[in-house]
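I have placed the structure first, in the form of structure tokens, so that the comments after it can refer back to it.
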Amino acid sequence: MNRDELLSICPSLREALRRNRYDTDTLLDALGPEVHAALSRNEPVPVRRASAGCGELGSLIRLFLLTDDCPVGEVAAALSPLPVEDAVAAGLLESDGDVVRAALDLRPMDIGGGNRWVLSDLDGSLRPRETPVDHVIGVGHASLSLLQATPTAPVGTLLDVGTGCGIQALHGTSYADSVTATDLNVRAVELAAVTAALNEEQVELLAGSWFEPVEGRTFDQVVANPPFVVSRARVGHTYRDSGLDLDGASELMISRVADYLAPGGTAALLASWIHVEGEDWRARVASWLPAHGIDAWVVQRDVADPALYVGTWMRDGGLDTRDPATATIAEDWLDHLASANVEGVGFGFVYLRRTDAPTDLMAEDLTHGFSDPLGAEALAYFERVAWLREHDVLTARFRVEESTALERVFLPGDEGWTQVVARLHRGNGPAWQHEIDDLVASLVAGMRGDGLVLGELIELLAAAHGVDAEDLAQSAVPLVHALVRHGLVLPA
């Protein structure tokens, strides 16, 4: 790969891609949903058959998405006005007599701001190859999950730490005035620069470890999909291994990112943390946060047992644990986790906001399914936390969020239906649920926005049910705080 020559061919390459409509919508239309799904599963035969009738677009599909050997004349027509020899010299293609093949992965992506093209190293899924230490991974499931979960409200400055192929930075150009991206892997920085140029975007690319390239600077937003794989303190592949022991990469990011946030700035991070026998994972993550100046929302989306975790990442690195030559790697990895009493590895999102108040943390499991992205919810959550910090809920009026429903579950009993649980369920966002009793249901029913303040509602309810108002308030206040945090009820 030659970065300068790749940059020089971007205008003619972009023209060829646009002329052939090499974009996500056209690919779906040309291949059809079933064949497009086969492409996502790395099944080349249906895609190869369907692309045969797609003309020059089909040539690009076979060249870049299937990594087929393609006749040089066919590729020359599809890439015009980019000469094939220039693409080979730049390292985009490889030549072998009368055929050429892709040397880099080039695929269209819709990341929320229209079609973009992303360059990365070939992953070996369709053409087996060795994965070098400086391999630049393409847009995988983790990258997509962060894209979907990142707040996209307009900001002035954005920092992407560990940019890899540059997908998060490219996404940031749609909502940030200026974007800075860093990576320890020089090859990643170079490929990200070409991706930005191909898409006619301006991104400041800096090579260096973690935050070192931006020391002394602050940003309105920080995003990061860091090399968070939980393993020994060694680097096998820079895109996933930090060289820090166990969950040290996540600890470093979470503990240091506040220093690079401007006042009111936010961070959206992917992270992993170990579950240690006899310890609460929430306490572990909490220990990484400063005591002052951060509001934090930590969302655990999944937990993997050590065997599943190691097997998944072994396959990611192209290793087969059935091979005796590589099984020892898995044995050593599992031994290391066992020596640290690791029962599981948690994975999820960490949202942070820079404040001037004592640190506030909510860490929770959200392993159930929901469809709404978390980015907008994270910003709304921080606004609700700020409101709670500044107000006495007993003197405030509330309203029920419009999607919140009261659910009651009944089971058959000796004397008919018997209620076994009542809960409030928010129908949008992360679909939070809170189990409540009938007294709380009556309290929430009285929250009508322009009615009584909470303290007055509690007194009225206490009198109606013959309970002590002060005792009811002591239990109601923390519950209302929880309902506001989760957005089931909101300040009027």
Side-chain angles (χ1 to χ4, degrees), residues 1-20 22 59-60 62-109 116-124 126-139 160 162-170 173 179-209 213 237-239:
M1 182 193 75
N2 186 310
R3 190 192 78 156
D4 291 340
E5 293 198 29
L6 277 172
L7 289 171
S8 71
I9 69 172
C10 279
S12 52
L13 176 59
R14 182 168 55 248
E15 183 178 342
L17 299 178
R18 285 176 173 166
R19 178 175 58 79
N20 286 295
Y22 186 65
S59 298
L60 296 180
R62 293 188 293 278
L63 179 67
F64 290 119
L65 301 183
L66 300 184
T67 66
D68 283 354
D69 288 347
C70 298
V72 66
E74 176 184 310
V75 173
L79 286 183
S80 177
L82 172 63
V84 170
E85 55 269 26
D86 289 357
V88 171
L92 178 65
L93 303 179
E94 296 174 349
S95 177
D96 184 8
D98 293 333
V99 300
V100 292
R101 65 183 67 92
L104 293 172
D105 187 291
L106 171 59
R107 65 185 58 226
M109 297 287 303
R116 305 297 181 94
W117 299 290
V118 180
L119 279 162
S120 64
D121 282 324
L122 298 171
D123 64 8
L126 294 174
R127 185 189 289 269
R129 61 185 57 236
E130 185 177 345
T131 304
V133 67
D134 62 349
H135 178 80
V136 180
I137 192 173
V139 182
D160 175 19
T163 192
C165 67
I167 187 62
Q168 308 300 332
L170 191 62
T173 62
V179 178
T180 299
T182 72
D183 204 293
L184 175 66
N185 184 357
V186 174
R187 182 177 176 83
V189 170
E190 292 178 343
L191 273 177
V194 178
T195 289
L198 184 59
N199 291 280
E200 299 182 282
E201 297 290 359
Q202 294 293 322
V203 176
E204 179 187 23
L205 274 303
L206 303 173
S209 178
H237 301 100
T238 56
Y239 72 87

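None of these values were measured; they are calculated from a predicted model.
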If you measure from [atom1] on [X] to [atom2] on [Y], what distance do you get to the nearest 0.5 Å?
X    : Y    : atom1 : atom2 : result
L13  : L82  : CG    : CG    : 6.0 Å
H135 : L122 : NE2   : CG    : 8.0 Å
I137 : I167 : CD1   : CD1   : 12.5 Å
T173 : Q168 : OG1   : CD    : 11.5 Å
L92  : L79  : CG    : CG    : 7.0 Å

Excluding sequence neighbours, so at least two apart, what forms side chain to side chain contact (heavy atoms under 4.5 Å, CB included) with [X]?
X    : value
T182 : L159, V161, L206, P213, V214
S80  : R19
A78  : E56, S59, L60
V72  : V84, V100

Mind checking salt bridge (Lys or Arg N to Asp or Glu O under 4.0 Å) for D98 and listing every partner two or more places apart, or none if nothing turns up?
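Partners of D98 by the salt bridge (Lys or Arg N to Asp or Glu O under 4.0 Å) criterion come out as none, since no residue qualifies.
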
Side-chain heavy-atom pair [X], [Y] within 4.5 angstrom cut-off:
X    : Y    : result
T163 : V203 : no
L63  : L93  : yes
R107 : L65  : yes

Taking every non-hydrogen atom, the tightest pair across V139 and C165
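Minimum heavy-atom contact is CG2-SG, 4.2 Å.
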
For A181 and A169, which heavy atoms make the closest approach, and how far apart are they?
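So the minimum-distance heavy-atom pair works out to CB-CB, 4.0 Å.
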
Would you confirm whether D183, through its side chain, and G164, through its main-chain N or O, come within 3.5 Å as a donor-acceptor pair?
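Flag set: sc D183 to bb G164 pair under 3.5 Å.
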
D68 side-chain N/O to C70 backbone N/O, donor-acceptor pair under 3.5 Å:
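Looks like no, no N/O pair under 3.5 Å.
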
Keeping to residues at least two apart or across chains, list the side chain to side chain donor-acceptor pair (under 3.5 Å) pairs with something in residues 1-11.
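Pairs touching residues 1-11 that pass the test: none.
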
Could you list the donor-acceptor pairs under 3.5 angstrom formed by side chains in residues 189-201, with sequence neighbours left out?
| from | atom 1 | to | atom 2 | distance (Å) |
| --- | --- | --- | --- | --- |
| T195 | OG1 | L119 | N | 3.1 |
| T195 | OG1 | L191 | O | 3.3 |
| N199 | OD1 | W117 | N | 2.9 |
| N199 | ND2 | W117 | O | 2.7 |
| N199 | ND2 | T195 | O | 2.7 |
| E200 | OE1 | R18 | NH2 | 2.9 |
| E201 | OE2 | R116 | NH2 | 3.4 |

Name all residues meeting the side-chain hydrogen bond (donor to acceptor under 3.5 Å, both in side chains) criterion together with D121; count only those two or more places apart in sequence or in a different chain, and write none if there are none.
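By the side-chain hydrogen bond (donor to acceptor under 3.5 Å, both in side chains) rule, D121 matches R187.
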
Sequence neighbours left out, what pairs pass salt bridge (Lys or Arg N to Asp or Glu O under 4.0 Å) with at least one residue falling in residues 70-92?
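Checked against salt bridge (Lys or Arg N to Asp or Glu O under 4.0 Å) - neighbours excluded - the pairs reaching residues 70-92 are R62-E74.
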
